[in-house]
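Every heavy atom of this structure was used, including side-chain atoms; hydrogens, water molecules and symmetry mates were not. Convention: sequence-line order gives letters A, B, ...; per-chain numbering from 1. Treat the numbers as computed from the prediction; the structure is a model and nothing was measured.
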Amino acid sequence: MEKTFYQQVIYLIKKIPKGKIATYGLIARLAGSPRAARQVSYILHSSSGKEKLPWFRVVNSQGKISLRSGAGLETQKKLLEDEGIEFREDGSIDLKLFLWKNINIE
DNA sequence: AACCTGACTTCGG
DNA sequence: TCCGAAGCCAGGT
């Protein structure tokens with residue numbers, strides 16, 4: 001049985017460990033569609049509420065939050081900092097230190 | 001069924 | 001190194 005891209009994304013995001021982050025591209029890749037990073041963001045946007053996902057642990061490939069100020073950026077940043085993730089002066093996260101790389105798909 | 005949109009990524013200038 | 005344009009996938013209208 002093959003899960004839908006949507007289900008894969010939800011599943012993977014739920015597995016992101018606390019204190020770690022993932023990029024849209026990484027999630028898309030693990031979900032089976034390396035080029036569907038945009039779709040990942042879309043899924044988070046539409047399902048973060050009902051699925052209770054740690055959407056804030058997902059940032060873009062630059063380690064930055066893609067949201068615009070006022071659209072959730074501050075909230076996300078605060079949540080991440082609360083988990084021990086540090087931001088640089090320009091508001092980016094050091095992917096080498098916080099990127100989720102402990103991948104384990106069932 | 002066709003077109004539009006987006007919390008992305010990547011390549012070229 | 002920075003900015004703009006194109007490519008990509010899936011869901012919504």
Side-chain angles (χ1 to χ4, degrees):
Chain A
M1 178 53 189
E2 187 176 317
K3 295 181 180 179
T4 63
F5 179 74
Y6 172 85
Q7 292 298 330
Q8 287 288 1
V9 172
I10 298 300
Y11 171 75
L12 290 168
I13 292 177
K14 285 184 176 179
K15 293 197 59 167
I16 300 176
K18 183 179 180 180
K20 291 290 181 179
I21 60 172
T23 66
Y24 298 101
L26 177 61
I27 296 298
R29 187 173 174 176
L30 295 176
S33 297
R35 307 302 176 194
R38 307 190 65 156
Q39 196 57 27
V40 174
S41 68
Y42 183 81
I43 292 173
L44 260 52
H45 181 38
S46 61
S47 308
S48 60
K50 35 189 175 181
E51 297 289 350
K52 297 186 177 62
L53 303 173
W55 58 271
F56 51 86
R57 290 180 188 152
V58 183
V59 298
N60 62 29
S61 65
Q62 302 167 55
K64 284 186 173 181
I65 297 173
S66 298
L67 298 175
R68 292 174 297 180
S69 180
L73 187 157
E74 295 178 16
T75 300
Q76 180 170 15
K77 185 176 181 181
K78 184 180 181 182
L79 289 169
L80 292 174
E81 293 181 319
D82 191 52
E83 295 195 337
I85 293 177
E86 300 169 32
F87 288 78
R88 303 183 72 179
E89 298 178 13
D90 64 348
S92 67
I93 300 170
D94 189 333
L95 294 176
K96 292 183 179 179
L97 297 177
F98 302 104
L99 180 64
W100 176 45
K101 51 190 175 183
N102 184 25
I103 303 169
N104 176 38
I105 304 175
E106 64 177 67

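Here chain A contacts DNA chain C (any atom closer than 4.0 Å to a heavy atom, that is under 4.0 Å), and the contacts span C:dG7 to C:dG12 from 5' to 3'. Interface limits on DNA chain B: the 5'-most and 3'-most nucleotides within less than 4.0 Å of chain A heavy atoms are B:dG6 to B:dT9.
The side chain to side chain contact (heavy atoms under 4.5 Å, CB included) test applied to A:S33 returns A:F5, A:A36, not counting sequence neighbours. Under the side-chain hydrogen bond (donor to acceptor under 3.5 Å, both in side chains) criterion, A:S41 pairs with no residue at all, not counting sequence neighbours. Residues meeting the side-chain hydrogen bond (donor to acceptor under 3.5 Å, both in side chains) test with A:S92, sequence neighbours left out: A:D90. In this structure A:Q7 satisfies the side-chain hydrogen bond (donor to acceptor under 3.5 Å, both in side chains) test with no other residue, sequence neighbours excluded. Applying the side-chain hydrogen bond (donor to acceptor under 3.5 Å, both in side chains) criterion to A:Y6, with sequence neighbours excluded, gives A:S47, A:E51. Residues satisfying the salt bridge (charged side-chain N to carboxylate O under 4.0 Å, His left out) criterion with A:E83, sequence neighbours excluded, are A:R57.
The CH2 atom of A:W100 lies 5.5 Å from the CD1 atom of A:I27; values are rounded to the nearest 0.5 Å. Rounded to the nearest 0.5 angstrom, A:H45 NE2 and A:Q39 CD are separated by 12.0 Å. To the nearest 0.5 Å, the span separating CG on A:L53 from CD1 on A:I43 amounts to 9.5 Å. Separation of atoms NZ (A:K64) and CG (A:L95) is listed at 11.5 Å; rounding is to 0.5 Å.
Side-chain contact between A:L73 and A:R68: absent, with no pair of heavy atoms (C-beta onward) separated by less than 4.5 Å. Between A:F98 and A:V59, the closest side-chain pair of non-hydrogen atoms is not below 4.5 Å. Between A:L30 and A:Y11 the shortest side-chain heavy-atom distance does not fall below 4.5 Å.
Residue A:R35 is the one, among A:R35 and A:Y6, whose nearest nucleotide of DNA chain C lies closer to the 5' end (criterion: closest heavy atom).
Against DNA chain B, the stretch residues 76-90 of chain A makes no heavy-atom approach under 4.0 Å. Taken residue by residue, residues 54-64 of chain A places heavy atoms nearer than 4.0 Å to DNA chain B at A:W55, A:N60, A:S61. Within residues 38-48 of chain A, the residues having any heavy atom under 4.0 Å from DNA chain C are, by residue number, A:R38, A:Q39, A:Y42.
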Let me have the donor-acceptor pairs involving side chains of residues 16-25 of chain A, under 3.5 Å, with sequence neighbours excluded, atom names and distances please.
residue: A:K20; atom: NZ; partner: A:L97; partner atom: O; Å: 3.2
residue: A:T23; atom: OG1; partner: A:L26; partner atom: N; Å: 3.0

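Linking Ile, Leu, Val, Met, Phe, Trp and Tyr residues whenever their side-chain heavy atoms come within less than 4.5 Å places A:L12 and A:W55 in a single cluster.
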